[in-house]
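In what follows, a single structure is set out as structure tokens and then discussed.
Remember, predicted model here, so these are calculated numbers, not experimental data. Every heavy atom of this structure was used, including side-chain atoms; hydrogens, water molecules and symmetry mates were not.
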Amino acid sequence: MVGWRRALWAILGGAALFALGLIGLWLAGWWPGQQAGQRTALPPAPHVAGQAPSTPPPEVPADPAVEVTPVPPAPVTASGAEPPVPPDLTGVQEEGQDTAPASPASGEQQPVDVGQPAPIPPRPVVTVPPAAHPTATPTSPLLAGLNRVRARAGLQAVTAEAAWQAGCAGHARYLVRADRAEHREDPANPFRSAAGEACAPGHYFVSSRAESGPERALTYWVGGAFHLPQLIDPRLTRVAAGVAHDAAGAFQSAVVLDVRRGLTGAARYPVRYPGPGQSAPSLRAATGEWPDALAGCPAVAARGAPVALLLGPDRAGEVTGVTLRVNGQAVGACLLTASTFTGANEAETRVGRTVLAAQGAALALPDAPLPAGAGVQVSFETPRGPVAWAFRTQP
């Protein structure tokens with residue numbers, strides 16, 4: 001009997017030891033198939049900073065612009081169809097991605113301080129690329145083109161102000177990278193800078209065409225009733241200018257020209273453009289300005305670029321009429337003055353008249369672009385007598 005009990009205890013003890021061995025194998029991780037199961041439960045490898053994700057991030061909505069809610073359509077500028085570049089204004093090179101200039105109170109669409117249209121919602125930006133240094137110099141082709149325009153008005157040449165270049169470069173970069181068209185910079189935008197904000201009130205030109213550059217901008221400004229007077233302001237002595245490009249957004253190129261801070265010269269009036277005996281390219285009037293210079297003019301197929309008379313701020317509104325003759329034949333023209341300009345609404349009328357009054361400007365917009373190689377006689381009527389002269393259009 002005793003022998004049987006001892007045998008039973010021996011069997012139970014052996015079973016216990018066997019069970020303990022199995023438990024030990026499990027705890028040690030040596031149980032068959034256990035490691036494979038553990039591998040599948042391991043967390044994924046950590047992401048290395050700077051490593052590209054395996055799938056691209058989703059597209060983000062388009063970015064802010066102060067003019068319209070929809071993304072601008074294909075090959076047009078924020079100010080309308082791009083103008084052809086006349087031979088007299090060609091030769092302006094595309095400067096680097098981050099160069100810039102600035103504009104006056106009558107911007108392509110409108111100055112911020114008078115209430116611009118609702119902005120386009122901004123496009124989120126993940127990283128901010130480093131800003132490149134401006135490349136515009138006192139001998140830049142854009143400056144040379146501007147000085148040719150001023151020479152046709154009998155005015156002194158202007159020089160480039162190096163201290164403003166970086167800020168104007170920054171504003172041009174802001175316009176294309178933020179997809180905005182405005183005379184200010186949104187403080188919440190990552191591309192905003194204090195120097196860019198200082199340049200923002202000047203002229204700007206934005207386009208959905210990547211190849212657009214200073215030559216098209218200058219053509220547009222010369223054809224703009226609310227841009228040309230600032231280019232031929234007799235007080236202007238210094239400017240800053242540049243260009244930016246960015247293929248990612250709706251606005252792929254921008255040109256900025258600062259014509260505001262350099263008004264330090266003598267105010268010698270009158271100024272006539274094109275001046276007596278001068279030869280000027282035949283251009284169309286710019287469309288898409290704010291205020292709309294053509295809003296109060298009779299509708300025609302295409303108006304000619306403005307013929308300008310600046311009498312000075314103390315003589316604003318003096319001009320009462322204009323006569324324009326091409327090769328001896330009278331042609332119609334729409335006259336804009338601080339007393340007669342009518343915009344698309346009351347706000348545009350008020351702003352437009354203020355801009356014209358600043359230099360006592362009178363602008364005659366021919367009913368059609370002036371023909372090439374023509375002799376042109378113009379006479380503006382004033383209470384002190386007519387102001388008349390003659391010029392020619394280039395062949």
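In this structure, Val322 and Ala364 approach most closely via the heavy-atom pair CG2-CB, 3.9 Å. Nearest heavy-atom pair across Asp292 and Glu348 is N-OE1, 2.9 Å. Closest heavy-atom contact between Glu182 and Asp186: OE2-N, 4.3 Å. For Gln165 against Val239, the heavy-atom pair with the smallest separation is OE1-O, 4.0 Å. Scanning all heavy atoms of the two residues, the minimum distance from Thr320 to Leu335 falls at C-CD2, 4.1 Å. Summarising the geometry of Arg209 relative to Ser253, their closest heavy-atom pair is O-OG, 2.8 Å, with the distance given to 0.1 Å.
Relative ring orientation between His227 and Tyr220 is described as perpendicular, the plane-to-plane angle rising above 60° on a 0-90° scale split at 30° and 60°.
Looking only at side-chain heavy atoms (C-beta outward), Thr323 and Gln377 stay at 4.5 Å or farther from each other. Residues Pro281 and Arg152 form a side-chain contact, since some pair of their non-hydrogen atoms from C-beta on lies under 4.5 Å apart. Side-chain contact between Arg353 and Leu356: absent, with no pair of heavy atoms (C-beta onward) separated by less than 4.5 Å. Using a 4.5 Å cut-off on side-chain heavy atoms (C-beta onward), Arg150 and Leu236 make contact. Pro371 places a side-chain heavy atom less than 4.5 Å from the side chain of Val326. At least one side-chain heavy atom of Pro214 sits under 4.5 Å from a side-chain heavy atom of Val243. For the pair Leu311 and Val319, the minimum side-chain heavy-atom distance is below 4.5 Å.
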Next on the checklist: Quick one, Gln329 with Asn327, criterion side chain to side chain contact (heavy atoms under 4.5 Å, CB included). Give me CA distance, side-chain angles, the key distance, then yes/no.
Outcome noted: CA-CA 6 Å; Gln329 299 295 315; Asn327 295 330; 5.6 Å; no
Next on the checklist: Working note: Ser212 + Val206, criterion side chain to side chain contact (heavy atoms under 4.5 Å, CB included); need CA distance, chi angles, decisive distance, verdict.
Outcome noted: CA-CA 8 Å; Ser212 287; Val206 295; over 6 Å; no
Next on the checklist: Please evaluate residues Trp221 and Leu231 with respect to the criterion side chain to side chain contact (heavy atoms under 4.5 Å, CB included), reporting the C-alpha separation (whole Å), side-chain torsions for both, the decisive distance (0.1 Å), and the verdict.
Outcome noted: CA-CA 8 Å; Trp221 294 331; Leu231 300 180; 3.8 Å; yes
Checklist entry - Step by step, would you call Arg303 with Leu294 a side chain to side chain contact (heavy atoms under 4.5 Å, CB included)? => result CA-CA 9 Å; Arg303 288 204 169 272; Leu294 309 181; 3.9 Å; yes
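The closest donor-acceptor contact from the side chain of Ser379 to the backbone of Pro386 lies at 3.5 Å or more, if one exists at all. When atom types are taken as modelled, the side chain of Thr340 and the backbone of Leu336 share no donor-acceptor pair closer than 3.5 angstrom. Judged purely by atom type and a 3.5 angstrom limit, Asn147 uses its side chain to pair as donor or acceptor with the backbone of Val158. Panel note: side chain His171, backbone Glu197; no donor-acceptor pair is recorded below 3.5 Å. Judged by distance alone, with hydrogens and angles left aside, the side-chain atoms of Gln359 form a donor-acceptor pair with the main-chain N or O of Pro229 at under 3.5 Å. At distances below 3.5 Å, at least one donor-acceptor pair connects side-chain atoms of Asp179 with backbone N or O atoms of Phe251. Judged by distance alone, with hydrogens and angles left aside, the side-chain atoms of Thr337 form no donor-acceptor pair with the main-chain N or O of Gly317 at under 3.5 Å. Not a single donor-acceptor pair under 3.5 Å links the side chain of Arg392 to the backbone N or O of Val376.
For Ser282 and Thr393, the side-chain atoms include no donor-acceptor pair closer than 3.5 Å.
Put simply, Val387 and Leu324 are part of the same group of oily side chains (I, L, V, M, F, W, Y) that touch within less than 4.5 Å, one to the next. The same ILVMFWY cluster, assembled from side-chain heavy atoms under 4.5 Å apart, contains both Leu283 and Phe205. Residues Val149 and Trp389 are members of separate hydrophobic clusters, defined by side-chain heavy-atom contacts under 4.5 angstrom among Ile, Leu, Val, Met, Phe, Trp and Tyr. Hydrophobic clustering of Ile, Leu, Val, Met, Phe, Trp and Tyr side chains at less than 4.5 Å, counting indirect connections, unites Leu143 with Val259. Leu142 and Leu155 fall within the same hydrophobic cluster, defined by Ile, Leu, Val, Met, Phe, Trp and Tyr side-chain heavy atoms under 4.5 Å apart, directly or through other members.
At a threshold of 4.0 Å, the pair Glu318-Arg384 counts as salt-bridged, since one of the basic side-chain nitrogens sits closer than that to a carboxylate oxygen. We find that Asp233 and Arg235 are joined by a salt bridge, their nearest charged nitrogen and carboxylate oxygen being less than 4.0 Å apart.
To the nearest 0.5 Å, atom CD of residue Gln278 and atom CZ of residue Phe391 are 10.5 Å apart. Note that NE2 of His245 is 13.0 Å distant from CZ of Arg173, once rounded to the nearest 0.5 Å.
Checked options Val307, Leu310, Ile232, Leu309; the residue passing with Tyr273 is Ile232 (criterion: side-chain contact (heavy atoms from CB on, under 4.5 Å)). With Tyr174 as reference, Arg180 is the one residue of Arg192, Arg180, Glu185 to meet the side-chain hydrogen bond (donor to acceptor under 3.5 Å, both in side chains) rule.
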